[in-house]
Amino acid sequence: MRAEFQKPRGTQDILPPMSLKMEQMRRIALDCAQTFGYLPVETPVFEQTPVFLRVGESTDIVQHERYSFTDAGGVELTLRPEGTAAIARAYVENGMFNQPQPVRMCYYGPMFRRERPQALRYRQHTQFGAELYGSVYPEADAEVILLACAVVERAGLPDPMIRLNSIGCSECRPRYREALIRYYHEQRNHLCRDCQTRLNSNPLRLLDCKIDVAIREQAPDIEEFWCEDCATHYGKLTDLLSASGRQVRRDPFLVRGLDYYTRTVFEIGHPSMGSQAALFGGGRYDGLATTLDGPESTPAVGFGMGIERILSAVEQNLGIPSVTRIYVAHLPGFEGPSLLLAEQLRREGFAAESDLMGRSLKAQLRDAGRRSQIVVFVGGHEWEMDEVNVKSLQDGVQMTVKRDQLSDLLHQQFKINS
RNA sequence: GUGGAUGUAGCUCAGUUGGUUAGAGCACCAGGUUGUGGCCCUGGGGGUCGGGGGUUCAAGUCCCCUCAUUCACCCCA
């Protein structure tokens, strides 16, 4: 293992069969989204840096974890750390607020954050997400969350668990924030070092701390501070989700790391992963598009889901579509005809390949055994009579057919769908 | 950014108190006679022991640095 060139830290080469599972996961997510009417949108993998700065000044992922560079023209650019800001920018820039609302979109692609790598935490990771623009109603939140659950289920994790909270709106959150600061201020001598700084920088995150759990138990609950609209919104949302048969639980300590959220925040987890483990999450961000010079009121809800993470939870039971592969083996001197027969089969829609390594027939069979299910033999006296032998590697059954009946035989005898 | 662990063939790992040409299993390749796999047998290729420096007559084995991986924080997907 003396690779002179190695991949950048925190990145990964995704090889088969993992690459196939990734591909399958992508299909599941995108298909599922489309059944909900969420159509794929692709944005650049990099944006002008201010797009991200504007959206999350106090979040770590834009503060310390940016992959930024200045291009030859002096423009400040940043590799996207998440999808929501870019979609918001695209929504505004393309005047999508003039389309019939709501606008349902989804995205899938690589995201970049310069953090310390760890299992299931990479500097480049893949994220799938959905965004719903234009609706302020709790039904919108519900739809997005149901989509999130549907994707998880379709991927093979039954009964996802929804953890839900509302962090209020511009009217009620400041009041809560004050109360929270007041409470924690009294306790400040008992707080861990991180929490002492959080007290000033991002008080809501105090609730997230895993050390000072005892202190937060006594902390004021935002529920008591919700304004009427927020309370109604949250109430309707929980009712809808419960009525849909989903497992929902309020988590008063759930606040999420990005600071553009308003009202609804949620995380999807799974009972099998322990109560803490969240697979991914999302929420509502009614002010986001406006921040990027969008119209005054542009409500939005969405979620982002890390593909590598969800895949690790689902990998074993994720089936990948199987194809019956045909191996065209050749007798000595028939390499050419063998390649051409494979090509003919492919044109007829089969998955076929031939030997490119100059192997002996015996070696070809061995090779076929690990990559194919069917072998077609090219050469010998059969070939002179326009015939080929076809052998199933599963049961060893072999038969001879006229070449022009090969594809019929493959279809009928061997039940291969091309 | 902080703290801990690890790094020997493609993979999983052995390598005694530092001592001659660094091993195994799996995988890969070729044979076991003349046109057919999966088992078995035989043989083969493949490692500057992550990289660099140091100690020593001598280092895969000790020390330092570095890179990478991994775990726990931070944060998050």
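Letters A, B, ... mirror the listed sequences (proteins, then strands); counts begin at 1.
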For A:Asp293, the salt bridge (Lys or Arg N to Asp or Glu O under 4.0 Å) test, sequence neighbours excluded, returns A:Arg54
How far, in whole Å, is [M] from [N] if one measures between their [atom1] atoms?
| N | M | atom1 | value |
| --- | --- | --- | --- |
| B:A5 | B:A9 | P | 22 Å |
| B:A77 | B:G4 | P | 29 Å |
| B:G45 | B:C29 | P | 16 Å |
| B:U61 | B:A27 | P | 31 Å |
| B:C11 | B:C67 | C1' | 22 Å |
| B:U70 | B:C13 | P | 14 Å |
| B:G60 | B:A30 | P | 35 Å |
| B:G50 | B:U42 | C1' | 35 Å |

Is there a Watson-Crick or G-U wobble partner for [N] with both distances under 3.5 Å, and if so, which one is it?
| N | result |
| --- | --- |
| B:U33 | none |
| B:C74 | none |
| B:G38 | none |
| B:G7 | B:C67 |
| B:A58 | none |
| B:A27 | none |

Tell me: [atom1] of [X] to [atom2] of [N], nearest whole Å?
| X | N | atom1 | atom2 | answer |
| --- | --- | --- | --- | --- |
| A:Tyr122 | B:A68 | OH | C1' | 14 Å |
| A:Lys391 | B:G35 | NZ | P | 15 Å |
| A:Leu254 | B:A77 | CG | C1' | 15 Å |
| A:Ile310 | B:A77 | CD1 | P | 13 Å |
| A:Glu82 | B:A77 | CD | P | 8 Å |
| A:Glu267 | B:A77 | CD | P | 8 Å |
| A:Gln118 | B:U70 | CD | P | 9 Å |
| A:Asn389 | B:U36 | CG | P | 12 Å |

Side chains of residues 134-147 of chain A: which donor-acceptor pairs under 3.5 Å do they make with residues two or more places apart or in other chains?
| residue | atom | partner | partner atom | Å |
| --- | --- | --- | --- | --- |
| A:Ser135 | OG | A:Tyr137 | N | 3.2 |
| A:Asp141 | OD1 | A:His233 | NE2 | 3.2 |
| A:Asp141 | OD1 | A:Arg284 | NE | 3.2 |
| A:Asp141 | OD1 | A:Arg284 | NH2 | 2.7 |
| A:Asp141 | OD2 | A:His233 | NE2 | 3.1 |
| A:Asp141 | OD2 | A:Thr264 | OG1 | 2.6 |
| A:Asp141 | OD2 | A:Arg284 | NE | 3.1 |
| A:Glu143 | OE1 | A:Arg104 | NH2 | 3.1 |
| A:Glu143 | OE2 | A:Tyr38 | OH | 2.6 |
| A:Glu143 | OE2 | A:Arg104 | NE | 2.6 |
| A:Glu143 | OE2 | A:Arg104 | NH2 | 3.4 |

Using a 4.0 Å heavy-atom cut-off, does [X] contact any base of the nucleic acid, only the sugar-phosphate backbone, or nothing at all?
| X | answer |
| --- | --- |
| A:Arg256 | sugar-phosphate |
| A:Gln394 | base |
| A:Ile307 | nothing |
| A:Gly129 | nothing |
| A:Gly379 | nothing |
| A:Ala119 | sugar-phosphate |
| A:Glu382 | base |

Minimum heavy-atom separation for A:Arg80 to A:Pro110, with atom names? NE-O, 2.8 Å
Looking at A:Arg175 and A:Glu178, is there a salt bridge between them, counting it only when a charged N and a carboxylate O are closer than 4.0 Å? no
If you count the non-hydrogen atoms of other residues, nucleotides and ligands that lie under 6.0 Å from CZ in A:Arg347, is the total more than 12? no
Write down the protein N/O and nucleotide N/O pairs, taken from nucleotides 29-32 of chain B, whose separation is under 3.5 Å; answer none if there are no such pairs.
| residue | atom | partner | partner atom | Å |
| --- | --- | --- | --- | --- |
| B:C29 | OP1 | A:Arg359 | NH1 | 2.7 |
| B:C29 | OP1 | A:Arg370 | NH2 | 2.7 |
| B:C29 | OP2 | A:Arg370 | NH1 | 3.2 |
| B:C29 | OP2 | A:Arg370 | NH2 | 3.1 |
| B:A30 | OP2 | A:Arg366 | NH1 | 3.2 |

Could a donor-acceptor pair under 3.5 angstrom be found where the side chain of [X] meets the base of [N]?
| X | N | result |
| --- | --- | --- |
| A:Gln364 | B:U36 | no |
| A:Glu115 | B:A77 | yes |
| A:Glu65 | B:G1 | no |

Regarding the side chain of A:Leu361, the nearest nucleotide among B:G35, B:U69, B:G37 is B:G35
Nearest to the side chain of A:Arg9 - B:A77, B:C71, B:U70? B:U70
Show which side-chain atoms of residues 28-36 of chain A pair as donor or acceptor with protein atoms under 3.5 Å away, not counting sequence neighbours.
| residue | atom | partner | partner atom | Å |
| --- | --- | --- | --- | --- |
| A:Thr35 | OG1 | A:Cys32 | O | 2.6 |

Side-chain donor-acceptor pair under 3.5 Å between [X] and [Y], yes or no?
| X | Y | value |
| --- | --- | --- |
| A:Asp159 | A:Gln247 | no |
| A:Gln187 | A:His185 | no |
| A:Glu131 | A:Thr84 | yes |

For this output row, return yes or no: ring centroids of A:His411 and A:Phe350 closer than 6.0 angstrom. yes
Centroid-centroid under 6.0 Å between A:Phe303 and A:Phe280 rings: yes
Under the rule for ring-ring contact (aromatic ring centres under 6.0 Å, His included), what residues qualify as partners of A:Tyr122, not counting sequence neighbours? none
Could you list the protein-to-nucleotides 2-6 of chain B atom pairs, N/O on both sides, closer than 3.5 Å?
| residue | atom | partner | partner atom | Å |
| --- | --- | --- | --- | --- |
| B:U2 | O4 | A:Arg116 | NH1 | 2.7 |
| B:G3 | O6 | A:Arg116 | NH2 | 3.2 |

Looking at CG of A:Asp355 and CZ of A:Phe334, how far apart are the two atoms once the value is rounded to the nearest 0.5 Å? 15.0 Å
Comparing nearest nucleotides in RNA chain B, the 5'-proximal residue of the pair A:His381, A:Lys7 is A:His381
